[in-house]
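Since the structure comes first, as C-alpha cells, the remarks are kept for the end.
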Amino acid sequence: MFTLDLCVGGRKQSVAVCSTHLTACPWLMEGRRRKQLAQVTSAIEATGPDVACVMGDFNFHREAENSSIPVGWAEIPAIVKLGPTWDFAKNPLLPHYLPLQNIYNGLGLGKRFGWPSRMRLDRVLVFGSNLNCETGEARIICDQPIHERARGKPPLPQSGCVLREAHRSLPWEEYLCPSDHFGINFKLSVCER
C-alpha cells in the first residue's frame, strides 16, 4: 500500500492505494477471499485516508461474491460495465498457461462440464465520501497478444486433440499476451468536501 497526499481545493487529502491478489479456486475459497478482503480493507481504513482504492485479482468467480465487499466500499460503475477480465475465448495465452485438465475445461471433458470461461476476476474498490464514482471512466487494456502473428487468430479449443497437440508447444509469437488477465485503466475524480 502507498499513500499520497494531494491538495484538492486548497485542502490536503490523503489517498491510499493498494494492490491485492486474493486466493483463487471457485466455491472452496470464497470464505477465505471474504476474510482476506476484510483484512485488507480494514487495514487501509485504520490508516485514516480520506480516499482509498484496492485493486487487483480478487478471483471472484461468481458475481454472488460481491456480497464480500465490505460496507463503505464500492465498485466504480464504469469498471463493472467493462465485463470480463478473464476470457478463454479472447485470450490465446490461457490454453497454454493452464494444465490440459483444469476446472475451466471440465478436467479435460469439455467446457460444458467446466467452470464458465468468461469472468470478472479483477476488481477496483474505492472508499471515501468525496469520490464521484458515477463520473469515473474505465477501459480494458492489455487484451491483445504481444506479437502481431497471434493477432486475429482464434484461441485453441478448451479441450480435445487440437489442444493436446499444441499445448505449450507453439512458439510464443503464436499466443503470448501480457497476462492471463486483461488490465483495467480507470480515472476517478476526488472532489472537494
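Keep in mind that this is a model prediction, so the values were computed, not measured. Quick note: numbers below take in every heavy atom, side chains included, and nothing from hydrogens, waters or symmetry partners.
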Same apolar cluster: [X] and [Y], side chain cutoff 4.5 Å:
X: Met29; Y: Met119; result: no
X: Met55; Y: Met1; result: no
X: Leu188; Y: Ile69; result: no

[X] versus [Y]: any side-chain heavy-atom pair under 4.5 Å?
X: Arg33; Y: Glu30; answer: yes
X: Phe60; Y: Leu37; answer: yes
X: Trp73; Y: Val54; answer: yes
X: Leu6; Y: Val51; answer: no
X: Glu174; Y: Pro92; answer: no
X: Thr3; Y: Pro49; answer: no

Exercise. Only one of Thr85, Asn59, Asn66 passes side-chain hydrogen bond (donor to acceptor under 3.5 Å, both in side chains) with Arg123; say which it is.
Key: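 The residue from Thr85, Asn59, Asn66 that satisfies side-chain hydrogen bond (donor to acceptor under 3.5 Å, both in side chains) with Arg123 turns out to be Asn66.
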
Locate the shortest heavy-atom distance separating [X] from [Y]; write the atom from each residue and the value.
X: Ala16; Y: Ile44; value: CB-CG2, 4.0 Å
X: Ile140; Y: Pro84; value: CD1-O, 4.2 Å
X: Gly183; Y: Cys142; value: N-CB, 4.3 Å
X: Val124; Y: Cys53; value: CG1-SG, 3.7 Å

Quiz item: Going by the angle between their ring planes, with limits at 30° and 60°, are His96 and Tyr175 parallel, tilted or perpendicular?
Solution: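 The arrangement is parallel - the two ring planes meet at less than 30°.
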
Could you tell me the separation between the [atom1] atom of [X] and the [atom2] atom of [Y], rounded to the nearest 0.5 Å?
X: Ile184; Y: Ile141; atom1: CD1; atom2: CD1; answer: 9.0 Å
X: Cys177; Y: Lys90; atom1: SG; atom2: NZ; answer: 12.5 Å
X: Ser189; Y: Asn130; atom1: OG; atom2: CG; answer: 11.0 Å
X: Ser179; Y: Asp143; atom1: OG; atom2: CG; answer: 11.5 Å
X: Lys153; Y: His147; atom1: NZ; atom2: NE2; answer: 11.0 Å
X: Thr23; Y: Arg32; atom1: OG1; atom2: CZ; answer: 5.0 Å

Quiz item: Are Arg34 and Ser67 close enough, and set up right, to give a side chain to side chain contact (heavy atoms under 4.5 Å, CB included), and what steps lead you there?
Solution: CA-CA 9 Å; Arg34 179 184 297 273; Ser67 65; 3.1 Å; yes

Exercise. Report the C-alpha separation of Leu94 and Trp86 in whole Å, then their side-chain angles, then the decisive distance to 0.1 Å, and conclude whether the side chain to side chain contact (heavy atoms under 4.5 Å, CB included) test is met.
Key: CA-CA 9 Å; Leu94 291 174; Trp86 195 93; 3.6 Å; yes

Quiz prompt | Crowding at CZ, Arg149 (>12 non-hydrogen neighbours, <6.0 Å) | solution = yes

Quiz item: Should we say atom CD of Glu63 is surrounded by more than 12 heavy atoms from elsewhere, each under 6.0 Å from it?
Solution: yes

Quiz item: Does any N or O in the side chain of Arg118 come within less than 3.5 Å of the main-chain N or O of Phe88, such that one atom is a donor and the other an acceptor?
Solution: no

Practice problem: Measure from the side-chain N and O atoms of Asn91 to the backbone N and O of Asp180, and report whether any donor-acceptor pair falls under 3.5 Å. | Solution: yes

Exercise. Output yes when Glu75 and Arg120 qualify as a salt bridge under the 4.0 Å nitrogen-oxygen rule, no when they do not.
Key: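 Yes, Glu75 and Arg120 are salt-bridged.
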
Quiz item: Does the side chain to side chain contact (heavy atoms under 4.5 Å, CB included) test come out yes or no for Phe186 and Ile76, once each step is laid out?
Solution: CA-CA 9 Å; Phe186 68 98; Ile76 301 166; 3.9 Å; yes

Self-check item: Test applied, side chain to side chain contact (heavy atoms under 4.5 Å, CB included); reference residue, Cys18; option that passes from Thr41, Leu125, Val40
Solution: Val40

Practice problem: Let me see the working for Leu121 and His61 under side chain to side chain contact (heavy atoms under 4.5 Å, CB included), right down to the final yes or no. | Solution: CA-CA 6 Å; Leu121 297 179; His61 284 70; 4.0 Å; yes

